[in-house]
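Below is one structure; the comments refer to it alone.
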Number of protein chains: 2
Amino acid sequence: MAVHVLAVLAYKEGDRVTSAFLAGSVNTNPVIIRRLLLSLQRARLVDTCKGAGLGSRLNRSPGRINLAEVYRAVEEVEPFASPSRKPNAACPVGHCIREELDRVFASAEKAMEHDLEKTSLADVINAVKASGACGKKRAV
Amino acid sequence: MAVHVLAVLAYKEGDRVTSAFLAGSVNTNPVIIRRLLLSLQRARLVDTCKGAGLGSRLNRSPGRINLAEVYRAVEEVEPFASPSRKPNAACPVGHCIREELDRVFASAEKAMEHDLEKTSLADVINAVKASGACGKKRAV
DNA sequence: GACAAATGTAATCACTACGGTTACTTACTA
DNA sequence: TAGTAAGTAACCGTAGTGATTACATTTGTC
């Protein structure tokens, strides 16, 4: 959803866009979009202003925003879930497996982010435009 | 949790272990373990038998089981969530961004799995044993 | 064959996360 | 000053998941 919002902002090339408009494209509620924009603001990816005729726009060119940044801006929970209860400390395996798995999972997440870094917002926009142009579905 | 269970089985080196014992190490309920074991059975990672004195054991040596296999055996939902509602098809961005993101996310997940492949269950066991031996906490 | 042990499985509950919705406040432009 | 748009709080519904209980089923041992 975050990528979708940023893609629309990129598509509008610097024009300010309201949360209501973005909500229309994502097909959700403006409040959802505003909550999402707060995270993107914290990451300095977008610039948002209150007031009549205003709204949000990208803070950088789409070519200088990659999807790993978007992921880090939005995703605050770890992709690998650990059980809520602590393992049995009396078990030789249980009492120290957590820290080892944390290491392995951090590495895996980093590998994933490194792959996401290869794709910029501009790449996404280009793919979208190409897909629209090659006639899979005729854009309005 | 799946890795924890498999690590205990590896630690027991071929002996059959009951779901009750595994639940004790993970600090959860035997039923949770049994449901997890069903997934691991489907992936041919463990071999489980009903009956007095039986239980589960690894189907392969720990060195021949990597964490990517465990991940695929257990995780059936995509790590990247897509919004429940379809995007607005009338929007030039919305009507085709999904398929492009599916491509990017599939690549990122693959990169993550590729990193997980580098770690085997034997690696986890060795780290656990080393951590226990170096005296951070004295095992029982 | 009877009994005990262990898994398979269904039903239910609680907790959490997240999107959705409404309503109200705050800030900015015209 | 009026209108527009974001900020934000409160609440609801849904989905996922671990936890728990209960029961059927299978298997090994005496």
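Just so it is clear: chains get the letters A, B, ... in the order the sequence lines come, proteins before strands, and each one is counted from 1. The analysis underlying the following values was restricted to heavy atoms, covering all of them including side chains, and did not include hydrogens, waters or symmetry mates.
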Do the side-chain N and O atoms of Glu117(B) and Tyr71(B) include a donor-acceptor pair separated by under 3.5 angstrom?
no

Leu37(B) CG to dG18(D) P, straight-line distance once rounded to whole Å:
13 Å

For the hydrophobic clusters of this structure (ILVMFWY residues joined by side-chain heavy atoms under 4.5 Å, transitively), does one cluster hold both Val74(A) and Val93(B)?
yes

Is the shortest side-chain N/O distance from Gln41(B) to OP1 or OP2 of dG8(C) below 4.0 Å?
yes

Expressed in angstrom and rounded to an integer, what is the separation of Leu38(B) atom CG from dT7(C) atom P?
11 Å

Using OP1 and OP2 only, check whether a side-chain N or O of Arg35(B) sits under 4.0 Å from dA10(C).
no

Separation between CG of Asn88(B) and CZ of Phe21(A), rounded to the nearest 0.5 Å
9.0 Å

Using heavy atoms and a sub-4.0 Å distance, could you list which residues of residues 43-52 of chain A are near DNA chain C? By number, please.
Lys50(A), Gly51(A), Ala52(A)

Distance check, rounded to the nearest 0.5 Å: Asp115(A) atom CG versus Asn66(A) atom CG?
11.0 Å

Determine whether Ile65(B) and Leu58(B) make a side-chain contact, defined as any pair of heavy atoms from C-beta on separated by less than 4.5 Å.
yes

Quick one: CD1 on Ile125(A) to CD on Glu100(B), what's the gap to the nearest 0.5 Å?
10.0 Å

How many Å lie between CG on Asn29(A) and P on dA6(D), as a whole number?
12 Å

Please round to the nearest 0.5 Å and tell me the distance separating atom OG1 of Thr48(B) and atom CG of Leu38(B).
8.0 Å

Ile33(A) has an atom CD1; how far is it from atom P of dT8(D), in whole Å?
17 Å

Scan residues 6-27 of chain A against DNA chain C and write down, sorted by residue number, each residue with any heavy atom closer than 4.0 Å; if none is found, say none.
none

Against the side chain of Leu54(B), the closest entry in dG20(C), dG28(D), dT9(C) is dG28(D)

Of Val3(B), Val26(B), Leu22(B), which is the lone residue that meets side-chain contact (heavy atoms from CB on, under 4.5 Å) with Val8(B)?
Leu22(B)

Find the distance Leu40(A):CG to dG7(D):P and express it as a whole number of Å.
11 Å

Can you tell me how far C1' of dG20(C) sits from CE of Met1(A), to the nearest Å?
10 Å

Output the rounded distance in Å from CZ (Arg85(A)) to C1' (dC15(C)).
12 Å

Distance (rounded to the nearest 0.5 Å) between Lys129(B) NZ and Asn126(B) CG:
6.5 Å

For Phe105(A) and Phe80(A), take the angle between the two ring planes, folded into 0 to 90°, and tell me which bin it lands in: parallel under 30, tilted 30 to 60, perpendicular over 60.
parallel

Is it true that atom CZ of Arg44(A) has more than 12 heavy atoms of other residues, nucleotides or ligands lying nearer than 6.0 Å?
no

So which of residues 70-81 of chain A are in contact with DNA chain C, with a heavy-atom cut-off of under 4.0 Å?
none

Between atom CZ in Arg42(B) and atom C1' in dT9(C), what is the gap in whole Å?
13 Å

